[in-house]
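Because only heavy atoms are used, hydrogens play no part in the values below, and waters and symmetry mates are left out as well, while side chains stay in.
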2 protein chains.
Amino acid sequence: MVDKQQHKVPEPTLKRLPVYLHYLKRAYERGILTISAPQIGKELNCDPTQVVKDLATTGVKGRPRVGYSVHELIQAIEGFLGFDLPNEAFLVGAGNLGTALMSYPDFKSYGINIVAAFDSDASRIGRSSSGVNIIHMDKLPELAQRLKVRIAILTTPAGVAQEVAEHLVECGIAAIWNLTPTRLNLPEKIVVQNTSMYANVAVMLKKLKDTESDNS
Amino acid sequence: MVDKQQHKVPEPTLKRLPVYLHYLKRAYERGILTISAPQIGKELNCDPTQVVKDLATTGVKGRPRVGYSVHELIQAIEGFLGFDLPNEAFLVGAGNLGTALMSYPDFKSYGINIVAAFDSDASRIGRSSSGVNIIHMDKLPELAQRLKVRIAILTTPAGVAQEVAEHLVECGIAAIWNLTPTRLNLPEKIVVQNTSMYANVAVMLKKLKDTESDNS
DNA sequence: TAGATTGTTAATCGATTAACAATC
DNA sequence: TAGATTGTTAATCGATTAACAATC
């Protein structure tokens, strides 16, 4: 067994890379061609040695006293995360959040290409303001097979999330980005990425509470 | 100095508590009055001893061989996270994501009460479909002061996020839930909670890539 | 009593931070 | 050469997991 799965990148690093990418793109637009880890750290207020380590995971090389080529970094991060390939995805559940994600400005440059949206509510069928076709759930199995789509963004109501997710797996979906508060029970091999809005609210409220009690 | 800031709860625990809460509420609706940590762990596929530890942070007591009172747990988690108090928040940036959050089904039971939304685009002023008033940014300073709102949800375009955030701080906002990909540079004392959609996409794509290369 | 589960303490694991050598 | 920054190895820190006693 060849150890192709190079040294397993820590999840926190994975989450920081898109943050660097966003910042680097803005810097590049402003004509900055070269940048050092301490500069990035100052701007994003994070530890410079952590920046060095994070960037090293993408395989890019920097030059002491100079830093990194901004362009090379952008390419390296995009390639490493797979943002340069068209990762076609279905959006399932064309409610408010789903519709918002359809018109998310630059998903395409962040690795996700929403090729179609699905809903079981007939009144939502049609074309979204952002140009994504909203199709009835009934047609998902056939389209998934034909287009070989492997990624689904789940934005249904929480109550039906489990049931819909099971259906998606039957249709050959390999990865689900779960934006519902429901925790899905699916086969091991399915990649599930949970994004809970409430989790973030909880952390924020707690921190706020703590800072407020400091002043007492 | 009294150590009121009890033992500092780890952030991962803070993020899991709303997940438990959601599950417990559903269980309570189904008439389940008592539940054990192993049961919760099985349902949410996470480690039962971690569930025990997480729940202990809220101060609730369980009974060996029986488990916890579901009702008590719900109360304890809500109280601990501050979900039981009305945490009034402004939503800033009434674009697609902002509008989606306005109609998010049960933010109110998860600690956040959006009392008003703001935008600088005149065409968006009015009342949202979910009943939230969308007001011009010009009126934010006065309203923030009058209503003593301390929390802002930032859903502006990334390009203006820093500038708007600074303005919010001037208006007395103490905590910002930042849903833009921009990393904000603000005074230390301001609580900033970053929620980047792209971070989650990155983790999912990478995991998918890894599982796929396993089969080769 | 027996057995399951809580609750707590200890061991492990992994990520962050610090230290320092290499290098441009 | 001098000094800043990369790159790597070691130390620290914190969270998860394991072990086990307490208890119902």
Starting at NZ of Lys61(B) and ending at P of dA22(D), how long is that distance when rounded to a whole Å? 16 Å
Categorize Pro38(A) for me: base, sugar-phosphate, or nothing, with a 4.0 angstrom heavy-atom threshold over every strand shown. sugar-phosphate
What about Lys53(B): does its side chain form a donor-acceptor pair under 3.5 Å with the base of dT17(D)? yes
Closest to the 5' end of DNA chain D, once Thr49(A) and Asp47(B) are matched to their nearest nucleotides, is Thr49(A)
Selection from dT16(C), dC24(D), dT17(D) that lies nearest to any side-chain heavy atom of Gln50(B): dT17(D)
Gln39(B) CD to dA4(C) P: how many Å, rounded? 14 Å
Choosing from dG7(D), dT16(D), dT23(D), which nucleotide comes nearest the side chain of Arg16(B)? dT16(D)
Tell me whether the OP1 or OP2 atom of dG7(C) has a side-chain N or O from Tyr68(B) closer than 4.0 Å. yes
What's the CG-C1' distance between Asp54(B) and dG7(C), to the nearest Å? 14 Å
Measure from CD on Glu11(B) to P on dT16(C) and round the result to the nearest Å. 12 Å
Give a yes or no on whether the ring-centroid distance for Phe107(A) and Tyr104(A) is below 6.0 angstrom. yes
Strand partner of dT17(C), provided both Watson-Crick or wobble distances fall under 3.5 Å: dA10(D)
Atom-pair distance (CD1 on Ile40(A); P on dG7(D)), nearest Å: 12 Å
In whole Å, what is the span from the CG atom of Leu17(A) to the P atom of dA15(C)? 14 Å
dG7(D), dG7(C), dT16(D): which one has an atom nearest the side-chain heavy atoms of Pro12(B)? dT16(D)
Donor-acceptor pair between Ser196(B) and Asn194(B) side chains, under 3.5 angstrom: no
Under the 6.0 Å and 45° cation-pi test, does Lys25(A) pair with Tyr20(A)? no
Just to be sure I understand the rule, does Arg65(B) reach a base, reach only the sugar-phosphate, or reach nothing, if contact means heavy atoms closer than 4.0 Å? base
Leu55(A) has an atom CG; how far is it from atom P of dT5(D), in whole Å? 15 Å
Classify the angle between the aromatic ring planes of Tyr198(B) and Tyr110(A) as parallel (below 30°), tilted (30 to 60°) or perpendicular (above 60°). parallel
Paired nucleotide for dA22(C) [Watson-Crick or G-U wobble; both distances under 3.5 Å]: dT5(D)
SB check Arg26(A) Glu43(A) (cutoff 4.0 Å): no
What is the distance, rounded to the nearest whole Å, between atom CG of Leu14(A) and atom P of dG14(C)? 16 Å
